[in-house]
Amino acid sequence: MEKFPGKIKTSVFISGRGSNLYNLINFSKKKVSPISINLIISNNKKAKGINYAKSNKIPYFITNFENHRKSEKQIIKRLKKFNIKLICLAGFMKILSSNFIKSFNNPILNIHPSLLPKYKGLNTHQRALKNREKFSGATVHLVNSKLDSGKVIIQKKVRILKKDDEKTLKQKVLRVEHQIYPQAIKKYYSNP
Ligand code: GRF
């Protein structure tokens, strides 16, 4: 018997702490969620987030990407096995090749801690503070072959205060990330 019949089978890719994964698992259990989480992928065997896979009895697969092509091939095999129709990248620190994106041939979403197109890539908070931005925020977008450049689904701002440093800004943005990832998934599937 399937655990969540009728929901879109989703795989979440992580590299570390997994707070977005935790948030998406909780969301997926709600009736309003269009997705179920059926597979978790990590490139890092020490990722804390793997514990959420274990405690929720969700299958997981770890591959270190030392050989990028090989890791992607192994992942594709598992995505097929579990009939995955959506990938949610959540703090996943590897860049997926255009070959991978093509062979998956289903939507891939990512959450990024900035107001894209500003501050693609790493160290977003540091750069936003250095440039004395008044706002930062988070973006959920579709993944294409260019880094942090696919169509934006949802974006939410946070105000940067004078007293903010990297740590406080990161916390504020993370709170927003946890709000908008489920919202973006609902939005995407109500009007893909
Ligand atoms: C998040 O800020 C995400 O936007 C960024 O990496 C962080 C991952 O956090 N790309 P977590 O692993 O979901 O807790």
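Residue indices begin at 1 and follow the sequence shown. Order of listing sets the numbers, starting from 1, for every ligand and every atom in it. The analysis underlying the following values was restricted to heavy atoms, covering all of them including side chains, and did not include hydrogens, waters or symmetry mates.
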Consider only side-chain N and O atoms of [X] and [Y], and report whether a donor and an acceptor are under 3.5 Å apart.
X	Y	result
Lys120	Ser149	yes
Ser97	His68	no
Ser42	Asn44	no

Task: Per-ligand residue contacts, ligand 1, heavy-atom threshold under 4.0 Å - done: Arg17, Gly18, Ser19, Asn20, Gly91, Ile111, Pro113, Glu177

Task: Passing candidate, side chain to side chain contact (heavy atoms under 4.5 Å, CB included) with Glu177, options Asn23, Val140, Asn20 - done: Asn20

Task: Arg127 to Tyr119 six-membered ring, cation-pi geometry met (6.0 Å, 45°) - done: no

- [ ] Taking the six-membered ring for Trp and the full ring for Phe, Tyr or His, determine whether the centres of Tyr60 and Tyr52 are under 6.0 Å apart.
- [x] no

